[in-house]
Amino acid sequence: VTTDETLDRLCRRLGDAKTPYDEISRSRAEARLDAALARDPSPRRRPLGSMVVAFLAGALAAALVAFVVMPRARPRPAPPAPSAQLDVPPCPGRP
Amino acid sequence: MVDLGRQPMKSARGRSRPRLVLAANRPVELDDDVLVDAARAGDGEAFSRLFRRHADAVRTRLTRLIGPVPERDDLVQNVFIALHRALRAYRREANVSTYLHRIAVNAAYDHLRARQRQRDGVRRRPTDGACSLDIEELVDGATSAMEDQVAARADLARLLALLDQLSPKKRIAFVLVAVEGCSLAEAASLTGAAEDTVKQRALHARRELLARLAPASRTPAKADEEEPS
């Protein structure tokens, strides 16, 4: 018997195995599932209120960033360098 | 709301309304899609019917994929909870059974990954981290002879021990194709991988299994001694 044939035989054994629930374990599993679903009705569907709150919180955060954080972080224009030449107006009596 | 074959409601005059053609005590065989629509609308009985219809097949598939481990029933429950959550997003691209088995294959993969990590944590010893298997459940004790049962038990224990040494992806591809006889297209649909990928995984798995089976089938005692400690 080659290893190929042995492996095929082993695979057939596992393929033939069927493991349905017996009546007791099926009803127990069903009851457990019902209880689990009652705790977790449909978590994917968010209630409208929480979606509105999430949207408003997001909008508030965006406004905060746009009007408070960004202007502070923006580089300010450098002050003009002091002029070395003094612009003194000429005295009226001097040439 | 879909009528699921429960007791017919009594009208005000006391006569039962003829809502169903079939007898009230006999469960009506409804299409999966009808049950899905009813379950989406919040009908718990419809979802229970889906469970009763598909639970055995899901459990059997999980048994073949991960072995007869005690966590199977928890996984079956998780699969149906995941189906319940996904009903709203279900677009009928595949039928419910395929969709359900896709969830089951993903659950099996996650379980095998977790088991592999757990085993890696205990330094890859084949005996450490091995899960307890209920092989008795896999053997048909009612119809087969005692000798056949003993041989089947030994074969199953041997194959499950070999499968435990494969990576989860290879194991799933091999079980779907070689054990369950799925076509490459079916296996690809269930795993979400390309057909060529599934084919390669199944081939590699077969090669690995044959390589491990060859020395074990010649001298099983020696093979045990040569195992790295």
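Below, chains carry the letters A, B, ... as their sequence lines are ordered, and counting in each starts from 1.
Residue Gln77(B) touches chain A through both its backbone and its side chain, counting heavy-atom pairs closer than 4.5 Å. At a 4.5 Å heavy-atom cutoff, the contact between Asp34(A) and chain B is made by side-chain atoms alone. Contact of Ala57(B) with chain A is not made at all, since no heavy-atom distance falls under 4.5 Å. No part of Arg61(B) comes within reach of chain A, as not one of its non-hydrogen atoms sits under 4.5 angstrom from that chain. At a 4.5 Å heavy-atom cutoff, Leu87(B) makes no contact with chain A through either its backbone or its side chain.
Using a 30° and 60° split on the angle between ring planes, Phe80(B) and Phe47(B) fall in the perpendicular class, above 60°.
For chain A, the option among Asp155(B), Thr60(B), Leu159(B) with the highest count of heavy-atom pairs below 4.5 Å is Asp155(B). Looking only at heavy-atom pairs under 4.5 Å with chain A, the residue among Val175(B), Leu62(B), Leu156(B) that has the most is Leu156(B). For the set Arg26(A), Arg28(A), Arg12(A), the count of heavy-atom pairs under 4.5 angstrom toward chain B peaks at Arg26(A).
Annotation: the span from Leu163(B) atom CG to Arg64(B) atom CZ amounts to 13.0 Å, rounded to 0.5 Å. We find the NE2-CD1 distance between His111(B) and Ile66(B) to be 4.0 Å, quoted to the nearest 0.5 Å.
Side-chain N or O atoms of Ser189(B) include none that pairs as donor or acceptor with a backbone N or O of Ala185(B) at under 3.5 Å.
Contact of the Leu166(B) side chain with the Arg212(B) side chain is registered, since non-hydrogen atoms from C-beta on lie closer than 4.5 Å.
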